[in-house]
Protein chains: 4
Amino acid sequence: MMATPQVRRGDTRQRIQEVALELFAEQGYEKTSLREIAEHLDVTKAALYYHFKTKEDILISVAKDLAGPVDDLIAWAATQPRTLATKREILRRYSDALWGAANFFRFMQENQATVRELSIGETFKSKIAALNGLLREPGFSMTDQVRCTAALFSMHAGMFAMQNIEGDPEEKRAAILEVAQGLITEAHRDQTETP
Amino acid sequence: MMATPQVRRGDTRQRIQEVALELFAEQGYEKTSLREIAEHLDVTKAALYYHFKTKEDILISVAKDLAGPVDDLIAWAATQPRTLATKREILRRYSDALWGAANFFRFMQENQATVRELSIGETFKSKIAALNGLLREPGFSMTDQVRCTAALFSMHAGMFAMQNIEGDPEEKRAAILEVAQGLITEAHRDQTETP
Amino acid sequence: MMATPQVRRGDTRQRIQEVALELFAEQGYEKTSLREIAEHLDVTKAALYYHFKTKEDILISVAKDLAGPVDDLIAWAATQPRTLATKREILRRYSDALWGAANFFRFMQENQATVRELSIGETFKSKIAALNGLLREPGFSMTDQVRCTAALFSMHAGMFAMQNIEGDPEEKRAAILEVAQGLITEAHRDQTETP
Amino acid sequence: MMATPQVRRGDTRQRIQEVALELFAEQGYEKTSLREIAEHLDVTKAALYYHFKTKEDILISVAKDLAGPVDDLIAWAATQPRTLATKREILRRYSDALWGAANFFRFMQENQATVRELSIGETFKSKIAALNGLLREPGFSMTDQVRCTAALFSMHAGMFAMQNIEGDPEEKRAAILEVAQGLITEAHRDQTETP
DNA sequence: TATGAATGAGGATTCATTCAT
DNA sequence: AATGAATGAATCCTCATTCAT
């Protein structure tokens with residue numbers, strides 16, 4: 001029969017991350033002020049600084065938490081043979097990662113210019129480059145290389161571009177994955193047929 | 001018998017647009033201050049206000065100038081039959097538009113969060129939606145609808161994602177277009193085969 | 001019959017310098033906020049930033065204006081022979097410099113810890129070192145070297161320590177100079193007598 | 001049979017004083033934050049508040065501990081005749097006091113502007129004034145009064161100004177004292193000779 | 001066609017301090 | 001004897017914008 005505590009417990013740090021990500025995704029990083037974040041949480045700006053050293057730090061901490069699956073994916077992929085099957089599986093898992101932290105990836109896509117100057121910018125760019133490297137084969141024809149790259153970025157784009165289109169979300173997601181996998185498959189088939 | 005003018009003549013307005021776009025594309029809209037633009041041009045901030053009513057106005061004017069080809073494309077497409085051939089041509093022309101104002105489209109892509117709040121945001125979004133509507137057939141299977149949409153966005157993504165990859169720019173551009181057209185074609189073939 | 005202008009003319013920059021120096025000297029650099037300076041001038045903080053890039057910049061500009069005589073003195077001294085007569089004249093001129101910008105030098109003395117971190121810190125330290133170098137002879141006995149150095153610093157200290165003591169300011173100033181010159185003279189006499 | 005305690009025992013209060021003085025002397029009072037002090041000690045800011053009521057309180061407590069010798073000196077001097085010999089001894093003892101808490105006196109000298117607003121400011125100023133009163137004779141000529149005052153302040157200045165000069169520290173200290181005593185002596189001789 | 005001078009609103013950040021535990 | 005969490009007030013500084021000249 002404990003009374004509801006008047007002051008929030010030890011979850012403030014996490015609540016900051018949640019609210020911040022939400023606002024960052026909604027309005028952009030620059031347009032979201034710490035005042036705004038603080039107000040949403042009913043704390044003072046200074047409280048944010050108790051938990052994070054800078055505004056950028058909030059974003060970094062969020063990124064660290066949410067980009068983990070992509071790291072795992074890259075690490076896993078590095079142990080696999082560079083076959084078509086592996087690549088299809090990479091895309092499948094990437095789809096999971098993307099949809100598992102949609103808000104965050106939406107933020108990253110819509111704030112590229114801003115993020116580029118931030119420390120997570122390089123980090124992220126290199127992850128995407130790593131994934132791209134795992135899919136693309138330098139020996140392929142230019143067109144097929146584009147197919148591999150397009151497989152990756154179609155998923156990014158698909159995630160948001162399809163938001164406005166009616167239809168069951170899961171079905172859409174499956175369709176996007178299918179198209180991406182189709183591109184990779186086509187690239188490989190193409191190369192096998194025409195040496 | 002006029003002496004050569006020491007200072008640039010009536011081209012200031014245009015020079016503002018050029019410098020602004022360059023800086024917007026490089027650093028993002030928010031991170032680019034009017035002071036910075038003015039300094040690059042060796043004029044005062046106040047001079048910018050003689051030519052444009054607001055910061056946003058500079059961007060709007062740039063957008064008006066550069067987005068024209070896309071408007072033309074949409075207008076033209078409206079007069080054409082919704083055939084595969086038309087759609088392939090739409091993509092081809094869109095490729096021209098994109099590469100013809102690469103800086104601007106790069107800006108739009110990397111500053112989506114910011115642009116969304118600006119008046120050109122809606123404008124632009126509706127143009128993309130219009131293009132997408134010209135390519136996508138609501139009657140198609142979800143997968144094929146995704147293919148149509150992916151054709152469009154692959155070009156956006158391709159434009160920048162391929163920057164880091166070695167190879168002749170023109171060849172890359174052709175390859176990107178080919179992949180995009182391939183997607184549309186595949187969507188149509190698919191639908192024709194499996195009614 | 002022109003009416004008194006409502007807005008101050010072009011003297012704002014200078015008025016900022018004056019007020020700033022006054023407040024810096026009175027309360028110290030850190031304790032003086034830009035808000036305070038602005039209020040004293042009946043302008044906005046932002047106005048200060050129109051004229052100076054940073055708070056430190058205000059101080060730098062003041063220092064540049066007021067430390068000129070010391071530079072002149074050093075330059076002049078460099079062209080003179082290192083005789084006792086020269087040194088006595090250095091002290092005399094230094095007295096002029098000090099009393100000519102008393103507020104500023106008082107500030108420098110009372111804010112050493114702060115000034116040390118600022119860019120003018122090094123600048124100033126090196127000037128004092130230069131002066132000291134012009135007065136001190138490394139070949140002298142330690143005691144006489146101290147006399148030379150004390151001649152310099154007695155003037156600094158005297159300037160303020162004597163403020164509380166009754167008496168005609170000009171007479172005090174003359175007495176301080178005399179004591180300083182006496183120290184230098186004694187150092188030289190001493191060295192001549194005991195080789 | 002007590003185990004060696006892992007954490008420092010009851011000496012925290014003293015450690016705070018030590019670290020605080022060190023940082024105050026190094027960076028100045030205002031530039032030294034309680035966070036910084038706490039970090040150097042590996043405790044929380046709140047811990048400082050267990051031992052001291054305010055930031056100023058830390059400084060006050062340090063001053064109380066370190067200024068004792070000067071109080072003793074003043075008390076002792078009050079019981080002595082105002083002879084030249086007494087004054088020379090005052091300077092000698094003052095030299096001891098100064099060198100015995102060099103960090104603290106350096107702090108006081110370099111932070112005059114700040115200290116002036118603090119409660120120890122008045123305290124300290126009055127001590128120096130008391131010392132000065134013990135050395136200076138209002139009946140002396142202005143020049144000789146300046147000599148007396150200069151004797152006192154030369155020691156302050158000497159302490160730090162001579163830091164950059166090569167030579168044995170003890171020898172320097174002795175030389176500084178000698179010069180100071182010389183000034184007092186000269187003042188007295190002068191007065192005796194020219195009544 | 002521009003500038004010089006200024007403003008008002010707001011930004012991120014830091015600080016000394018408090019208090020329940 | 002000390003901490004974790006938080007606050008309120010202040011800091012420096014930047015920005016888009018205005019307007020008389």
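Throughout, a chain's letter reflects where its sequence line sits, starting with A, and its residues are numbered from 1. Note: hydrogens, waters and symmetry copies are ignored here, and every other heavy atom, side chains too, is used.
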As a test of reading the structure: which of [options] is closest to the side chain of [X], going by heavy atoms?
X       : options               : value
A:Tyr49 : E:dA2, E:dT13, F:dT18 : E:dT13
D:Lys55 : E:dT3, E:dA16, E:dA6  : E:dA16
D:Thr12 : E:dA2, F:dA2, E:dG4   : F:dA2
D:Ser33 : F:dG8, E:dA16, F:dA5  : E:dA16
D:Lys45 : E:dC15, E:dA6, F:dA6  : F:dA6

Roughly, in whole Å, what's the span from [atom1] in [X] to [atom2] in [N]?
X       : N      : atom1 : atom2 : answer
D:Phe52 : F:dA2  : CZ    : C1'   : 14 Å
D:Leu48 : E:dT18 : CG    : P     : 13 Å
C:Arg13 : E:dA6  : CZ    : P     : 12 Å
A:Glu36 : E:dA9  : CD    : P     : 18 Å
A:Asp57 : E:dT14 : CG    : P     : 11 Å
D:Asp42 : F:dT3  : CG    : C1'   : 13 Å
C:Ile16 : E:dT7  : CD1   : P     : 10 Å
B:Lys31 : E:dG11 : NZ    : C1'   : 12 Å

Who pairs with [N] - Watson-Crick or G-U, where each distance is under 3.5 Å:
N      : answer
F:dC13 : E:dG10
F:dA1  : none
E:dC15 : F:dG8

* Asked: With nearest nucleotides of DNA chain E determined for A:Ala46 and B:Ala46 from heavy-atom distances, which residue corresponds to the more 5′ nucleotide?
  ->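 This one resolves to B:Ala46.
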* Contact nearer the 5' end of DNA chain E, comparing B:Val43 with D:Leu34 -> B:Val43
Between [X] and [N], is there a contact of a side-chain N or O with OP1 or OP2 at under 4.0 Å?
X       : N      : value
B:His51 : E:dA2  : yes
C:Tyr50 : E:dA6  : no
A:Arg35 : E:dA12 : no

* side chain to side chain contact (heavy atoms under 4.5 Å, CB included), paired with A:Phe24, selected from A:Val19, A:Val62, A:Leu59 ->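 Going through the options one by one, the only one that passes is A:Leu59.
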* **Polar contact flag, side-chain donor to acceptor under 3.5 angstrom, B:Thr114-A:Glu30** =>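 Their side chains do not contain a donor-acceptor pair, so the 3.5 Å distance test is not met.
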* Relative to the ring of D:Phe104, is the ring of D:Phe124 parallel (under 30°), tilted (30 to 60°) or perpendicular (over 60°)? -> perpendicular
* **D:Thr12 and D:Tyr50, any side-chain heavy atoms less than 4.5 Å apart** => no
* To do: Measure the CG-CG distance between A:Asn103 and A:Leu23 for me, rounded to the nearest 0.5 Å.
  =>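 Atom-to-atom, A:Asn103:CG and A:Leu23:CG are 10.0 Å apart.
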* Structure fact -> Between the CD1 atom in C:Ile16 and the CD1 atom in C:Ile58, the distance rounded to the nearest 0.5 Å is 6.0 Å
* To do: Please figure out whether C:Thr32 or B:Thr54 has its closest DNA chain F nucleotide nearer the 5' end.
  => C:Thr32
